[in-house]
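The block underneath contains the structure these notes are about, expressed in structure tokens.
The chain is numbered in sequence order, starting from 1. Each ligand, and each atom within it, is numbered from 1 in the order the structure gives.
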Amino acid sequence: MSNPKIDTTVPHSARMWNYWLGGKDHYEVDRVAGDQFAEAFPDIVAIARLSRYLLSRVVRHLSVEAGVTQFLDIGAGLPTVDNTHDLAQRINPAARVVYVDNDPLVLAHARALLVGTPEGLTGYIDADLRDPQRILAGAEKSLDLDRPVALMLMGILGYMTDADGPGEIVRTLMDPLPSGSYLVIWDGSNVVTGEALDKAQEDLNDGPAAPYTLRNKEELGSFFDGLDLIEPGIVPITQWHPDPDPFGPPSPVDALVGVARKP
Ligand SMILES: C[S@@+](CC[C@H](N)C(=O)[O-])C[C@H]1O[C@@H](n2cnc3c(N)ncnc32)[C@H](O)[C@@H]1O
């Protein structure tokens with residue numbers, strides 16, 4: 001890879017995620033760290049894939065039931081199948097989607113992300129979630145912030161430690177958005193697995209990869225203060241408006257999601 005900013009000596013979350021998703025945009029260092037984590041917590045591979053099905057159900061719900069036409073997706077990840085703009089513009093070709101990520105490989109692949117419909121708009125901002133003002137300044141160039149926006153934080157808030165002030169970051173991003181906007185968060189938890197996951201996460205956090213904070217239902221719920229959580233509230237990602245499954249109800253996994261409307 002010619003881009004000097006792409007560090008192939010340290011595992012990166014976007015590349016490990018792509019590895020677990022079965023993609024091809026990862027390096028040896030990501031596969032080693034990814035395998036080590038998956039050995040201790042095998043559900044991570046299923047969670048990565050199930051989270052993409054969740055994305056599709058959430059975008060469908062917001063587009064069809066709530067009439068949302070603008071999406072700000074922070075922590076976009078490497079392009080894969082059925083990215084947010086693919087899903088939203090399939091339902092409404094005029095939908096506007098702005099992605100944000102701070103990973104240089106995601107930036108390098110952004111061109112693939114940027115192919116949307118001619119009627120709609122697909123944008124990309126290279127920014128860190130810890131700088132919400134920069135994200136808002138970039139977003140308002142492409143999104144009409146006088147109309148509802150769905151702020152999507154899909155598998156990213158865990159990279160914010162409590163010291164980063166994730167609650168303040170979420171409030172800063174939601175503040176300028178009008179009534180009828182939505183906040184969507186899914187994030188890693190440890191309410192199902194227990195000790196094995198705590199140990200796997202501690203080991204990963206002790207290494208060179210960006211540390212991740214697992215949060216429980218109450219902690220995740222605090223990010224939705226002042227907003228109206230829609231049914232069924234905060235639940236494992238498998239249980240948020242699941243599609244009918246002939247094999248019965250889905251099992252809970254250690255990833256929680258909530259979707260809320262700004263009153
Ligand atoms: C676990 S992946 C999730 C990708 C995608 N949202 C999904 O659900 O499939 C987390 C993404 O967040 C990005 N990320 C992590 N920390 C970030 C930060 N501080 N600012 C912006 N993006 C960040 C990573 O580069 C990665 O692409």
- With atoms numbered from 1 as shown, which atoms in ligand 1 lie under 4.0 angstrom from a non-hydrogen atom of Trp17? 1 (C), 2 (S), 3 (C), 4 (C), 7 (C), 9 (O)
- Note on the structure: Under 4.0 Å from one or more heavy atoms of Arg52, ligand 1 contributes atoms 5 (C), 7 (C), 9 (O)
- Per-residue contact class, Ala127 against ligand 1 - non-hydrogen pairs under 4.0 Å: backbone
- State the CE-CZ distance between Met152 and Phe71, to the nearest 0.5 angstrom. 6.5 Å
- ligand 1 atoms nearer than 4.0 angstrom to some heavy atom of Ser13 are 24 (C), 25 (O), 26 (C)
- Query: So, His85 versus Tyr99: side-chain donor-acceptor pair below 3.5 Å or not?
  - Reply: yes
- Salt bridge check: are Asp164 and Arg130 linked by an N-O gap of less than 4.0 Å? yes
- Query: Given that the side chain starts at C-beta and the backbone is N, CA, C, O, which of these parts of Ala210 lies under 4.0 Å from ligand 1, counting heavy atoms, or is it both or neither?
  - Reply: neither
- Counting heavy atoms under 4.0 Å, the part of His12 that contacts ligand 1 is neither
- Message: To check your reading of the model: name the closest protein heavy atom to atom 15 (C) of ligand 1, its residue, and the distance in Å.
- Response: Tyr159 CD1, 3.6 Å
- Are a donor atom and an acceptor atom from the side chains of Glu219 and Thr213 found within less than 3.5 Å of each other? no
- Task: Measure up the His61 and His241 rings against each other and bin them: parallel (under 30°), tilted (30 to 60°), perpendicular (over 60°).
- Result: tilted
- Message: Only heavy atoms of Leu129, strictly under 4.0 Å: list the atoms of ligand 1 that pass.
- Response: 18 (C), 19 (N), 20 (N), 21 (C)
- Query: Any chance the side chains of Thr193 and Asp254 put a donor and an acceptor closer than 3.5 Å?
  - Reply: yes
- Item | Aromatic ring pairing Trp20/Phe37, orientation class (parallel under 30°, perpendicular over 60°, tilted between) | tilted
- For the residue pair His109 and Asp25, confirm or rule out a side-chain donor-acceptor distance under 3.5 Å. yes
- Query: Nearest protein heavy atom to atom 19 (N) of ligand 1, by residue and atom, and its distance?
  - Reply: Asp128 OD1, 3.0 Å
- Note on the structure: shortest atom 27 (O) of ligand 1-to-protein heavy-atom contact is with Asp101 OD2, 2.7 Å
- Note on the structure: re atom 3 (C) of ligand 1, the protein heavy-atom contact at minimum distance is Met154 O, 3.5 Å
- Task: Tell me which protein heavy atom sits closest to atom 14 (N) of ligand 1, plus the residue, atom name and distance to 0.1 Å.
- Result: Asn102 OD1, 3.7 Å
- Note on the structure: Heavy atoms of Pro242 and Pro250 approach each other most closely as CB-CG, 4.1 Å
- Please identify which atoms of ligand 1 are closer than 4.0 Å to at least one heavy atom of Arg130. 19 (N)
- Query: Under 4.0 Å from any heavy atom of Asp103, which atoms of ligand 1 are there?
  - Reply: 25 (O)
- Task: Would you check whether Ser51 has a nitrogen or oxygen atom less than 3.5 angstrom from a nitrogen or oxygen atom of ligand 1?
- Result: no
- Answer with yes or no whether the side chains of Ser189 and Arg215 bring together a donor and an acceptor at under 3.5 Å. no
- Message: Show the nearest heavy-atom pair for residues Pro208 and Val10, with the distance to one decimal.
- Response: O-CG1, 3.6 Å
- Quick one: nearest non-hydrogen protein atom to atom 4 (C) of ligand 1, plus distance? Gly75 O, 3.3 Å
- Message: With nothing but distance in play, are any N or O atoms of Leu21 less than 3.5 Å from an N or O of ligand 1?
- Response: no
- Query: Is the shortest N/O to N/O distance between Val100 and ligand 1 below 3.5 Å?
  - Reply: no
- Query: Starting from atom 10 (C) of ligand 1, which protein heavy atom do you reach first, and at what distance in Å?
  - Reply: Gly155 O, 3.4 Å
- Side chains of Asp82 and Tyr53: donor-acceptor distance under 3.5 Å anywhere? no
- What are the atoms of ligand 1, with element, lying closer than 4.0 Å to any heavy atom of Met160? 19 (N)
